[in-house]
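Working notes, beginning with the structure itself.
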Amino acid sequence: QIQDEEADAVREALIMHFGTVHRIVNECTVEYFEKYRRKVYVTPKSYLSFIESYRDVYDRKVREVEELASAINSGLFKLEQASADVEMMKVELKEKEKTLAVAQEKSAGILQDITSST
């Protein structure tokens, strides 16, 4: 619910921002006329074009963020998987160390027998 309230607040702020930008552009057309003596008109179509451009940029940025998030999540998954593999290798290493210790004892015994018989 908090997220919905925040989304509503952002939406309202965005609406106000679009209105403010439209008003500022209107004011700038007056300044442009006073400076260059050329009329520039801000039409509903230009306002809608501004909104459409904003949507395009917004959609592109959302896709970029989603791609980055996906890459990060993939990296985290691989790190977790590597951690699990390391833990499994530690267990295998302990078992192999026991086997190695037994083999070393046998080879030491055999070496002792060979040394004493020669």
Side-chain angles (χ1 to χ4, degrees):
Q1 183 176 356
I2 292 173
Q3 197 172 23
D4 290 340
E5 291 172 6
E6 288 176 4
D8 289 340
V10 169
R11 188 175 297 114
E12 287 300 317
L14 192 58
I15 290 168
M16 294 302 295
H17 174 72
F18 280 128
T20 302
V21 168
H22 186 65
R23 181 181 48 77
I24 290 171
V25 169
N26 266 331
E27 291 170 2
C28 288
T29 60
V30 172
E31 291 176 23
Y32 186 82
F33 177 72
E34 290 172 358
K35 189 171 185 179
Y36 297 107
R37 290 291 182 220
R38 298 189 79 177
K39 285 273 188 183
V40 176
Y41 298 98
V42 178
T43 63
K45 183 174 169 65
S46 63
Y47 181 69
L48 293 175
S49 176
F50 166 63
I51 292 173
E52 186 63 30
S53 296
Y54 174 82
R55 289 173 106 185
D56 291 343
V57 170
Y58 180 81
D59 290 341
R60 189 171 358 117
K61 291 299 179 181
V62 165
R63 280 193 304 275
E64 288 175 11
V65 168
E66 287 172 347
E67 288 173 5
L68 290 172
S70 175
I72 289 171
N73 287 333
S74 175
L76 287 174
F77 174 75
K78 288 179 182 180
L79 283 173
E80 289 173 358
Q81 189 177 12
S83 176
D85 289 346
V86 166
E87 292 301 318
M88 189 169 41
M89 287 179 190
K90 284 180 181 178
V91 170
E92 290 175 5
L93 179 63
K94 285 182 182 179
E95 291 174 7
K96 299 220 182 216
E97 283 178 342
K98 290 177 186 175
T99 307
L100 179 63
V102 170
Q104 283 178 339
E105 288 176 14
K106 284 182 182 178
S107 64
I110 293 172
L111 183 62
Q112 186 99 15
D113 290 344
I114 292 173
T115 310
S116 62
S117 65
T118 48

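The basis for the numbers below is simple: all heavy atoms, side chains too, and nothing from hydrogens, waters or symmetry mates.
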What's the verdict on side chain to side chain contact (heavy atoms under 4.5 Å, CB included) for F77 and N73, showing C-alpha distance, side-chain angles and the deciding distance? CA-CA 6 Å; F77 174 75; N73 287 333; over 6 Å; no

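- Residue pairs meeting the side-chain hydrogen bond (donor to acceptor under 3.5 Å, both in side chains) criterion with at least one member in residues 81-104: none, sequence neighbours excluded.
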Can V30 and E34 be said to form a side chain to side chain contact (heavy atoms under 4.5 Å, CB included), step by step? CA-CA 6 Å; V30 172; E34 290 172 358; 3.6 Å; yes

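- No side-chain heavy atom of E66 sits less than 4.5 Å from a side-chain heavy atom of S70.
- Nearest heavy atom pair, residue Y32 against residue R38, reads CD2-O, 3.5 Å.
- At most 12 non-hydrogen atoms from other residues, nucleotides or ligands lie less than 6.0 angstrom from OH of Y58.
- Here the CG atom belonging to L79 is positioned 11.5 Å from the CD1 atom belonging to I72, to the nearest 0.5 angstrom.
- For R23 and E27, the salt-bridge test passes: some basic side-chain N is under 4.0 Å from an acidic carboxylate O.
- Residues V40 and Y36 share a hydrophobic cluster, clusters being chains of Ile/Leu/Val/Met/Phe/Trp/Tyr side chains in contact below 4.5 Å.
- Applying side chain to side chain contact (heavy atoms under 4.5 Å, CB included) to F18 and the options I15, L14, V21 leaves one that passes, L14.
- Linking Ile, Leu, Val, Met, Phe, Trp and Tyr residues whenever their side-chain heavy atoms come within less than 4.5 Å leaves M16 and I51 in two separate clusters.
- Between the S107 side chain and the A103 main chain, a donor and an acceptor come within less than 3.5 Å of each other.
- Considering every non-hydrogen atom in both V42 and T29, the closest pair reads CG2-CG2, 3.6 Å.
- Here CG of D56 is found 13.0 Å from NZ of K61. Values are rounded to the nearest 0.5 Å.
- Taken to the nearest 0.5 Å, the CD atom of E52 stands 11.0 Å off from the NZ atom of K45.
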